[in-house]
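Here the structure comes first, spelled out in structure tokens, and everything after it is commentary.
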Amino acid sequence: MILSCFELGEGMLSVEETLEALATMMPPPVVTHLVSLAAAGNRILAVDAVSPINVPQNTNAAMDGITLAWPDDAPAGDMYVDVVGDVLAGTRLTTSLAPGQAVRITTGALLPAGADTVVMSEQLADVGIHGRVRVERPDRVRRGQNVRQAGEDIARGQRALGAGTRLRPQHLGLLASLGYAEVEVFRPLRVAVFSTGDEVSAPGESLPPAGIYDTNRFSLQGLLSRLGCEVIDLGILQDDLDSMRTSLVAAAHEADMVMTSGGVSVGQADWVKPALTAIGELGLWQIAMRPGRPLAFGRIHQTGGVTVPFFGLPGNPVAVMVTFLQFVQPMLRRMQGEHDWQPSRFTALAAEPLKSREGRVDYHRGVYTSDEAGQLWVRTTGRQGSGILSSMVAANCLIEIGDGCAAVEAGALVTIQPFGDLT
Ligand code: AMP
Ligand code: MG
């Protein structure tokens with residue numbers, strides 16, 4: 001049985017157990033609204049898109065040439081055909097073709113009644129007699145060739161796209177081809193983001209001798225906006241219980257999710273836990289993974305019984321990105337209405353030995369390439385400390401070494417998560 005998020009205690013959890021616990025959380029559904037197709041990119045379709053028409057609407061030519069009813073007794077050698085007219089894209093021939101007759105046709109033009117085949121211009125020769133052409137190599141013609149059948153892409157009444165689809169450029173084109181000018185999509189999620197730490201300074205300020213610049217707010221904002229969320233940037237919180245408590249409650253009023261980084265490691269100025277316990281519920285988890293071991297997940301209670309999900313991510317910049325990609329991303333996608341999402345995973349051969357440890361999942365930053373035979377290989381970006389953000393910059397994937405694996409030798413198969421639409 002899967003325990004609810006807050007019954008897990010503070011023991012060590014596997015990555016899988018963490019994902020299962022988070023999947024039991026069902027945040028309230030997001031409202032939907034109509035937007036113009038031009039504004040619908042990267043939004044999530046809230047209802048199925050059913051086609052009101054056949055696409056293509058009519059059976060039409062896929063090539064320039066002539067169209068005719070292809071005879072059963074076509075000769076093997078040269079064949080002569082009478083061309084009795086023209087039909088251009090956007091026009092319609094009202095008369096029906098008699099056997100042996102053809103018309104010139106351009107790509108996209110409707111096949112007239114009686115025609116079933118298009119012979120392309122390159123296969124036709126002028127014979128010097130007006131209205132007559134020679135079809136070369138008629139033995140190569142197949143009845144029905146170079147013709148697009150009405151409804152062959154999408155038939156009228158067919159579900160063209162399912163609710164929950166994230167709209168990429170090809171989806172927008174497809175919806176336009178069905179005549180949709182507007183679509184119903186989920187409202188963008190609003191996510192409030194804080195950094196925490198007395199040592200953390202905003203870029204643009206002078207750096208105190210014992211300070212570091214705030215990295216996480218910016219990488220998180222980038223991840224969130226690529227995911228299609230609206231970011232509420234709430235700056236840097238000092239390591240102070242009272243201000244944290246009030247700021248988190250205020251953030252939950254405006255946001256669908258609240259996120260902090262830092263302050264969840266044990267033993268230091270860790271205010272996230274007491275702050276959350278005072279205003280909601282919190283699970284503080286040690287996850288058997290590297291980087292990203294400490295992670296807090298909770299709910300901030302609002303008046304009226306509403307609860308707003310909360311993530312307390314680790315402080316180290318690589319750990320922030322890795323835990324976002326593994327745990328926050330699936331929840332945000334579910335909340336956005338994108339139900340069938342899974343991270344893409346491939347296998348590659350390790351180009352060098354990789355350090356790992358049994359009982360924990362390691363996420364190395366890697367660079368994968370393909371050799372001449374099409375085989376994927378992956379190497380690491382070098383030093384893998386959870387504060388070394390240049391390892392993310394150099395990488396094009398995460399190498400995911402499962403918790404059953406004590407070490408990876410050169411040439412062994414490993415799983416990679418290629419950087420996708422977010423990173
Ligand atoms: P903490 O869990 O708060 O102790 O943070 C762990 C490490 O991450 C410490 O070295 C922090 O200085 C660093 N860190 C925390 N927040 C940030 C941030 N917003 N940007 C860059 N580094 C941070
Ligand atoms: Mg801190």
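Indexing begins at 1, ligand by ligand and atom by atom, following the structure's order.
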If you count the atoms of ligand 1 from 1 in the order shown, which ones are under 4.0 Å from a heavy atom of [X]?
X	answer
Thr196	16 (N)
Tyr213	20 (N), 21 (C)
Gly263	1 (P), 2 (O), 3 (O)
Gly262	2 (O), 3 (O)
Glu199	11 (C), 12 (O)
Asp214	18 (C), 19 (N), 20 (N)
Ser195	19 (N)

Worksheet item: Is the closest side-chain donor-acceptor distance between Arg43 and His33 under 3.5 Å?
Response: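 There is such a pair (donor and acceptor under 3.5 Å, judged by atom type) between the side chains of Arg43 and His33.
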
Fill in: Between Ser391 and Arg365: side-chain donor-acceptor atoms closer than 3.5 Å
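Yes, Arg365 and Ser391 have a side-chain donor paired with an acceptor closer than 3.5 Å.
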
If you count every heavy atom of other residues, nucleotides or ligands that lies below 6.0 Å from [X] atom [atom1], does the total exceed 12?
X	atom1	result
Asp139	CG	yes
Arg290	CZ	no
Arg345	CZ	yes
Gln170	CD	yes

Item to complete: Determine, considering heavy atoms only, which of Val193, Asn216, Leu220 sits nearest to atom 16 (N) of ligand 1.
Response: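 The nearest heavy atom belongs to Asn216.
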
Discussion item. Minimum distance, heavy atoms only, to atom 20 (N) of ligand 1: which one of Val320, Val264, Val272, Thr215 is it?
Written reply: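 When every heavy atom of Val320, Val264, Val272, Thr215 is considered, Thr215 comes closest to atom 20 (N) of ligand 1.
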
Worksheet item: With a 4.5 Å limit on heavy-atom distance, are the side chains of Pro291 and Asn316 in contact?
Response: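 No, their side chains stay 4.5 Å or more apart.
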
Practice prompt. Under 4.0 Å, heavy atoms only, figure out whether ligand 1 is touched by the backbone of Ile212, its side chain, both or neither.
Written response: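 The answer is the side chain.
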
Worksheet item: Looking only at heavy atoms, is any part of Arg217 under 4.0 Å from ligand 1, and if so is it the side chain, the backbone, or both, or is it neither?
Response: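 It is neither; nothing of Arg217 touches ligand 1.
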
Worksheet entry | Pro317-ligand 1 polar pair, N/O distance under 3.5 Å |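 There is no such contact.
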
Discussion item. Does any N or O of ligand 1 fall below 3.5 Å from an N or O anywhere on Val200, backbone included?
Written reply: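 Between Val200 and ligand 1 (N or O atoms, distance only) the closest approach is not under 3.5 Å.
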
Worksheet item: Any heavy atom of Pro314 sitting closer than 4.0 Å to ligand 1?
Response: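 It does not; every heavy atom stays at 4.0 Å or beyond.
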
Discussion item. For Lys355 and Asp362: C-alpha separation, side-chain torsions, deciding distance, then whether salt bridge (charged side-chain N to carboxylate O under 4.0 Å, His left out) applies.
Written reply: CA-CA 8 Å; Lys355 278 194 197 137; Asp362 284 79; over 6 Å; no

Worksheet entry | Check against side-chain contact (heavy atoms from CB on, under 4.5 Å), Arg334 and Gln336 | CA-CA 5 Å; Arg334 266 201 311 280; Gln336 287 177 316; over 6 Å; no

